[in-house]
Protein chains: 2
Amino acid sequence: MLTLRQLSYFDALAKEQHFGRAAERVAVSQPALSVQIRELETHLGLQLVERFSGGARLTEAGKDVLEKSRQILLAVQELETFGQTRQGPLNGPFRLGVIPSIGPYLLPDMLPRLRTHYPHLELILRESRTTNLISELSQGHLDAAILALPLEEDNLKTQALFEDPFYLATPKQPDAPAAISATAIPMDDLLLLEEGHCLRDQALQACSIATNPLMKSFGASSLTTLIQLITNGYASTLLPQMCIEKEAGLDHISLIPFLDPAPSRTIGLAWRKSAPTEQDFTALANIIKNR
Amino acid sequence: MLTLRQLSYFDALAKEQHFGRAAERVAVSQPALSVQIRELETHLGLQLVERFSGGARLTEAGKDVLEKSRQILLAVQELETFGQTRQGPLNGPFRLGVIPSIGPYLLPDMLPRLRTHYPHLELILRESRTTNLISELSQGHLDAAILALPLEEDNLKTQALFEDPFYLATPKQPDAPAAISATAIPMDDLLLLEEGHCLRDQALQACSIATNPLMKSFGASSLTTLIQLITNGYASTLLPQMCIEKEAGLDHISLIPFLDPAPSRTIGLAWRKSAPTEQDFTALANIIKNR
DNA sequence: TTGTTTTGATAAATTTTCCTTATTGCGAGA
DNA sequence: TCTCGCAATAAGGAAAATTTATCAAAACAA
């Protein structure tokens, strides 16, 4: 079999034109080098060097082989360098999924800090619903995802990042109370995102509301639409603080915080248990937590 | 030290996504492969594969390393081939691809002459469509291919072999003209091979016919079927001379040559630019040309 | 849950490869 | 002819790779 060792010995021989010195150059005894060169010659079926008293010189075939050998050795060296530059957390491509009800509010803060701390990170973002993110994670199409906990997938690991408290959003009322209790949510008047959006389930769960057939069945398909509806006085809804901080057009809405124990959703990071190392994930989690 | 053995085991692992099967592929026990992979990983200082129950999957770093590895292995393979070709042309194994619309007509003449001139040649033939041949050439699975020019791959080199003029094949007509002009092709009546066959594109291009929605849309999937249809009087088609010389069942068909400038396709030989030497290809080309 | 199967990792023994030292053979120049 | 320098060869030992056997963890089926 052809080996890299043979090629590098041959390279040394070409440089020195002398078996003894070539052997010295690669820190090996002269017979060892001789044997490897002969091995290379028989393997290729070609005479590569012409031995003459005083030293050795390459044949025409040898020169061609040398050129190709050096290309190979160079490529190998490149591969080895590649390894070194790729070390350390969050280096190179990293595929991160985010649920839509977090993405637009969290990312603007997060991305610049990531770029500062990990300049060699090539972040590939994907925004999708929780169920999609989970399956893409499991299949190895994503490296990690930011979503609301808890998850039940037992091939995934999660870490909590922060709590995101809910607010009650109602049409503007001058006499809005400073804070209300979670038990005082106006059920008949409540409007949520359509079925399938995780924000809907989170809101229901956080506030301990059972799904109610009497509840207004118009499911808004996006948060912006939903806020539009509230603004126009149609209903109330539950908004996570995360959205409030960034969403525009909240002027005509009253945002009422809850009394303790305030309902909230837990935002966390998820990744495969079988993922190579955890350093990427802890590094990412730290960046997000220290905002 | 990094070795070629490690790279080829890693290549196998990438192909199989499974340690056991990868080991089988390289004819070695599973632990042997596992050890070499781990060695490669520690040497590069990178985790290359993610082990999970069910198999193994490349990490992002692993994918990059794989690409570089394959380049190296390909270069090594070329170097090995170089040895053989340097000892005289067409010596030892030679993998030749041929497109189906040439193979059955060209090979019966060519093979005996090749055997006479180059008795040590071990020809390995592969018949496939142009796109397949090109990709197999590029990946180093073929040494050369006979197909219709021109090609656009800039990592391949080509040489024209001969011109193969087209004939118009119509159902038998006693008063068939001795020759017709290319501009007089009966478009409405024209039947060609289905989309994807290069012969179809060549015919259209050679005769400067734009794809026409009115054209009969029944695409025949093989040349034999096509000729069958013509025989039964359904339509006309364009046949290259190459096929006419050998195809059976042409008795009930009128074959009308074209007036100058007669449309034709160019048959040529293609190989990798990076191929060790050109002598194989010129030798092969000469054999084909001097038929 | 509890066996059962499958997967990759690990261990120990063995084979293969490679290396070192010692020696030989060959050719050029004194 | 003698001798010096060079590469090839031989023999024994060290290192690397492989094999078989076994293990632990995870997935799967009962």
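Residue numbers start from 1 in every chain, and the chains themselves are labelled A, B, ... in the order their sequence lines are given, proteins ahead of strands. Scope of the values below: all heavy atoms of this structure, side chains included, with no hydrogens, waters or symmetry mates.
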In terms of side-chain heavy atoms of P31(A), which of dA11(C), dG8(C), dA8(D) is nearest? dA8(D)
H18(B) has a side chain; which of dC19(C), dA17(D), dT7(C) sits nearest to it? dT7(C)
Does the dA9(C) base have a donor-acceptor partner in the side chain of Q30(B) within less than 3.5 Å? yes
Check the phosphate of dC6(D) against R51(A), side-chain N and O only, distance under 4.0 Å to OP1 or OP2. Yes or no? no
Establish, with yes or no, whether the OP1 or OP2 oxygen of dG8(C) is under 4.0 angstrom from a side-chain nitrogen or oxygen of R38(B). no
Decide whether a cation-pi geometry holds between K289(A) and F162(A); the criteria are a distance under 6.0 Å from NZ or CZ to the six-membered ring centre and an angle within 45° of the ring axis. no
Candidate nucleotides dG8(C), dA17(D), dT20(D), ranked by approach to the side chain of S29(B) - the nearest: dT20(D)
Atom pair distance, as rounded to whole Å: CZ in R5(B) and P in dA16(D): 13 Å
Rounded to whole Å, how long is the line connecting atom CG of L33(A) with atom P of dC6(D)? 14 Å
Tell me: CD1 of I37(A) to C1' of dC19(C), nearest whole Å? 15 Å
Does S53(B) place a side-chain N or O at less than 4.0 Å from the phosphate oxygens OP1/OP2 of dA26(D)? no
For the pair made of CG in N155(A) and P in dA25(D), what is the distance, rounded to whole Å? 18 Å
R272(B)/E78(B) ion pair, N-O < 4.0 Å: yes
